[in-house]
Amino acid sequence: LSTKIANNLIDNIYETALSNGALGGKLLGAGGGGFILFYVPKKKQKAVRQALDKLNNVPFNFDNQGSSIVLYEPNGLWMSIKKEDVIFLAGHKGLLGSAILKKLKKEEFKNIIVTDKNSVNLENQTDTKNFIKSINPKIIIMAAGYTGGIQENKTKPYDLMIKNLLIQINIFTAIENLNVNKLLFFGSSCMYPKIYDRPIKESSILKGDMEHSSLSYAVAKLAGSQMC
């Protein structure tokens, strides 16, 4: 795996599990500190647990329902956007942004503006303001940001905080000065306490300790949500 995602400790854990009977594994999560999910035949599970006895064993259950819609506003933001309105989608190449771009095209929105960091540096306030002024968007969808895996969260907390704060502040400042009146901003699960009741509720924010390993990213996202 990339050094931004894993390290020697994680690689050794993975190899230990395989050598004791695991058939495979997957590194998951960063916002909650991260964990490794192993696929192990029942007869080998005891051996794998013993080999990894210094690690926390996290019990879990599968949810047969899967993902579900918890909020639907038929007369909300999307219904107020006309097909010909100029939409600036920041961060169209990422996991979230690419899905939004696909959805916008499917719904036949006609003026979707995208750019990349080689053309417009959203961490630069002047570049950001000039670009947004030149396209005069009706709405800005903020899927842009700097993210990392578990290793990145632990080793580069400053970058995660400052880069995301700069992008947010620059876009928000441009919106204020140029009178763009619609913005869609995305938070993150790491904004919530590391222990919370499900289904997750916005009222849980700041009601408990956040996962320390992703605190810098969480603080940046919290700041962005407050600026909205």
Side-chain angles (χ1 to χ4, degrees), residues 30-31 67 69-73 76-107 109-149 152-153 156-192 200 202 205-206 210 214-228:
S67 299
I69 296 173
V70 296
L71 176 64
Y72 175 59
E73 297 178 331
L77 177 66
W78 294 106
M79 295 299 293
S80 66
I81 306 173
K82 298 177 181 178
K83 298 294 184 181
E84 63 273 13
D85 284 345
V86 177
I87 301 171
F88 172 37
L89 173 57
H92 71 288
K93 291 184 176 181
L95 179 65
L96 177 61
S98 60
I100 294 172
L101 181 60
K102 183 178 179 180
K103 177 66 173 177
L104 291 173
K105 289 181 177 180
K106 183 178 180 180
E107 296 296 327
F109 286 94
K110 304 182 186 305
N111 291 312
I112 309 165
I113 307 297
V114 298
T115 187
D116 58 38
K117 59 185 178 182
N118 294 322
S119 301
V120 179
N121 180 11
L122 295 177
E123 295 175 31
N124 181 283
Q125 190 172 79
T126 301
D127 287 354
T128 303
K129 181 180 179 180
N130 289 341
F131 174 74
I132 293 176
K133 183 178 181 180
S134 70
I135 63 174
N136 190 27
K138 184 75 173 180
I139 177 174
I140 294 177
I141 301 175
M142 280 189 63
Y146 178 71
T147 61
E152 196 93 342
N153 274 282
K156 296 185 178 180
Y158 173 83
D159 289 341
L160 282 164
M161 182 182 288
I162 197 68
K163 288 178 180 290
N164 283 292
L165 283 174
L166 283 172
I167 292 171
Q168 292 167 185
I169 290 170
N170 292 340
I171 290 180
F172 291 155
T173 301
I175 287 174
E176 183 72 19
N177 293 334
L178 300 174
N179 199 29
V180 178
N181 58 14
K182 286 186 174 69
L183 168 75
L184 183 58
F185 176 81
F186 296 95
S188 169
S189 62
C190 66
M191 293 165 46
Y192 294 82
I200 193 169
E202 288 187 29
I205 294 177
L206 299 178
M210 293 179 288
S214 55
L215 189 59
S216 294
Y217 184 72
V219 169
K221 282 295 185 178
L222 281 168
S225 67
Q226 290 300 306
M227 283 187 276
C228 289

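- Distance check, rounded to the nearest 0.5 Å: CZ of Phe186 to NZ of Lys221 gives 8.5 Å.
- A distance of 4.5 Å separates CD1 of Ile112 from CG of Leu104, quoted to the nearest 0.5 Å.
- Atom CG of Asn170 sits about 9.0 Å away from atom CG of Asp127, to the nearest 0.5 Å.
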### Query
Given Met227 and Ile169, is the side chain to side chain contact (heavy atoms under 4.5 Å, CB included) satisfied, shown in steps?
CA-CA 9 Å; Met227 283 187 276; Ile169 290 170; 4.1 Å; yes

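- In this structure, the side chains of Tyr158 and Ser216 stay at 4.5 Å or more apart for every pair of heavy atoms.
- The closest side-chain heavy-atom distance from Leu222 to Met210 is below 4.5 Å.
- Within a 6.0 Å sphere centred on NZ of Lys106, heavy atoms belonging to other residues, nucleotides or ligands number 12 at most.
- Residue Ile87 holds its CD1 atom at 11.0 Å from CD1 of Ile135, rounded to the nearest 0.5 Å.
- Using a 4.5 Å cut-off on side-chain heavy atoms (C-beta onward), Pro157 and Leu160 make no contact.
- The distance from atom SG of Cys228 to atom CE of Met142, rounded to the nearest 0.5 Å, is 7.5 Å.
- Annotation: cation-pi geometry not satisfied between Lys103 and Phe109 (NZ/CZ under 6.0 angstrom from ring centroid, within 45° of ring axis).
- Panel note: side chain Lys129, backbone Asn124; no donor-acceptor pair is recorded below 3.5 Å.
- Between Leu122 and Phe131 there is no side-chain heavy-atom pair separated by less than 4.5 Å.
- Within a 6.0 Å sphere centred on CD of Glu176, heavy atoms belonging to other residues, nucleotides or ligands number 12 at most.
- Annotation: side chain of Glu84 is in contact with side chain of Asn111 (closest heavy-atom distance under 4.5 Å).
- Counting only heavy atoms from C-beta outward, the side chains of Val86 and Ile113 approach each other to under 4.5 Å.
- Atoms OG1 and CD, from Thr128 and Glu123 in turn, are 9.0 Å apart once rounded to the nearest 0.5 Å.
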